[in-house]
Amino acid sequence: MVRQFSLDETTPQRKIRLPELKIPQFNGSYTDWPGFIAMFTTVIDNDVDLSKIEKFQHLRVSVTGAALDTISSLDPTEENYDKALELFRNRFDNKLLNFQAHVCEIFNLKCADKGSAVNLRQLSDKLNSHMRALQSICKQEEIADGFLVYLVTSKLDSKSQSKWEED
């Protein structure tokens, strides 16, 4: 621990060094959107010492895949930083798609092979993580309805599923 002393040398002040916060990579997964945008906003967007061009560069290096495709045509300018954030929010800040992605992830969880404690713990942790995310989006009754809708629509042929999504 590093100690700093004031001018009168009587009152020690502690200077604690926290680990550097790193922005998670965002690839366009709806389930990862809330965590990514919360961290990016806290660490980069709210930093008054960074220019919008610097913020835009941080944004570009923090995204891959479909997320990068969303903003890859924008030049790194001050005006385009705000446009990039707006494009991201319009595309990924969608509670319905976020909800559906978590439900889909739950139904596609891998089985706990051989009943090992490690596999059971991983299954439980992933399920609980998705359930907490769903509970932050909507009420318990809506979650149950969402499970039923997902289960029924997964039994439809692709043309019927498309029609269902249109309505």
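This one's a predicted model, so the numbers in the text were calculated from it and none came from an experiment. Sequential numbering from 1 along the given sequence is applied to the chain's residues.
Between Leu85 and Phe40, the shortest heavy-atom contact is CD2-CE2, 4.2 Å. Closest approach of Lys55 and Asp47 over heavy atoms only: CE-O, 3.3 Å. When all heavy atoms are compared, the tightest approach of Gly28 to Ala67 is N-CB, 3.8 Å. Of all heavy-atom pairs spanning Pro76 and Gln57, the tightest one is CB-NE2, 3.6 Å. Across every non-hydrogen atom of Lys22 and Met39, the tightest pair is O-CG, 4.1 Å. Heavy-atom minimum distance, Thr153 versus Gln161: O-NE2, 2.7 Å.
Every residue two or more places apart in sequence or in another chain was checked for a side-chain hydrogen bond (donor to acceptor under 3.5 Å, both in side chains) with Glu78, and none qualifies.
With Thr42 contributing its side chain and Ala38 its backbone, the two residues share a donor-acceptor pair below 3.5 Å. A distance-only check finds no donor-acceptor pair linking the side chain of Asn27 to the backbone of Gly65 [under 3.5 Å]. Of the possible donor and acceptor atoms, one in the side chain of Thr70 sits under 3.5 Å from a partner among the backbone N and O of Ala66. Gln25 contributes a side-chain N or O that, together with a main-chain N or O of Val61, makes up a donor-acceptor pair within less than 3.5 Å.
In this structure, the side chains of Asn119 and Lys110 stay at 4.5 Å or more apart for every pair of heavy atoms. Here the side chains of Val149 and Val103 are not in contact, with every heavy-atom distance at 4.5 Å or above. Residues Asn128 and Ser124 form a side-chain contact, since some pair of their non-hydrogen atoms from C-beta on lies under 4.5 Å apart. Between Arg121 and Asp125 the shortest side-chain heavy-atom distance falls below 4.5 Å. Contact of the Arg60 side chain with the Tyr81 side chain is not registered, since no non-hydrogen atoms from C-beta on lie closer than 4.5 Å. Between Leu74 and Phe56, the closest side-chain pair of non-hydrogen atoms falls below 4.5 Å. By the 4.5 Å heavy-atom criterion applied to side chains, Ser62 and Phe36 are counted as neighbours. Side-chain contact between His58 and Ile23 is absent, with no heavy atoms from C-beta onward closer than 4.5 Å.
Here the CG atom belonging to Asp32 is positioned 9.5 Å from the CG atom belonging to Asn98, to the nearest 0.5 angstrom. Atom SG of Cys111 and atom CG of Leu120 lie 11.0 Å apart (nearest 0.5 Å). Note that CE of Met131 and CD1 of Ile106 are 5.5 Å apart. Values are rounded to the nearest 0.5 Å. Here the CD1 atom belonging to Ile53 is positioned 8.0 Å from the CD atom belonging to Glu79, to the nearest 0.5 angstrom. A distance of 7.0 Å separates NE2 of His102 from OG of Ser136, quoted to the nearest 0.5 Å.
Under a hydrophobic-cluster definition in which Ile, Leu, Val, Met, Phe, Trp and Tyr are linked whenever side-chain heavy atoms come within less than 4.5 Å, directly or via other members, Leu96 and Phe107 are assigned to different clusters. In the hydrophobic clustering of this structure, Leu127 groups with Phe99; members are Ile, Leu, Val, Met, Phe, Trp, Tyr whose side-chain heavy atoms approach within less than 4.5 Å, directly or through other members. No single ILVMFWY cluster, assembled from side-chain heavy atoms under 4.5 Å apart, contains both Tyr150 and Tyr30. Leu134 is not connected to Ile37 by any chain of hydrophobic side-chain contacts under 4.5 Å among Ile, Leu, Val, Met, Phe, Trp and Tyr, and they are in different clusters. There is a path of hydrophobic side-chain contacts, each under 4.5 Å, that joins Leu151 to Phe147.
Applying the salt bridge (Lys or Arg N to Asp or Glu O under 4.0 Å) test to residues at least two apart or on different chains, none of the pairs has a partner in residues 138-161.
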Note to self: Could you go through Phe26 and Phe92, starting from their C-alpha distance and side-chain angles, then the distance that decides it, and tell me whether this counts as ring-ring contact (aromatic ring centres under 6.0 Å, His included)?
What the structure shows: CA-CA 11 Å; Phe26 178 62; Phe92 300 108; 5.0 Å; yes

Note to self: Under the criterion side-chain contact (heavy atoms from CB on, under 4.5 Å), I'd like the reasoning laid out for Val63 against Ile71: C-alpha separation, chi angles, the key distance, then a yes or no.
What the structure shows: CA-CA 9 Å; Val63 297; Ile71 62 166; 4.2 Å; yes

Next item on the list: Determine, step by step, whether Phe88 and Leu59 satisfy the side-chain contact (heavy atoms from CB on, under 4.5 Å) criterion, reporting the C-alpha distance in whole Å, the side-chain angles of both residues, the deciding distance to 0.1 Å, and the verdict.
Entry: CA-CA 11 Å; Phe88 276 141; Leu59 183 63; 3.6 Å; yes

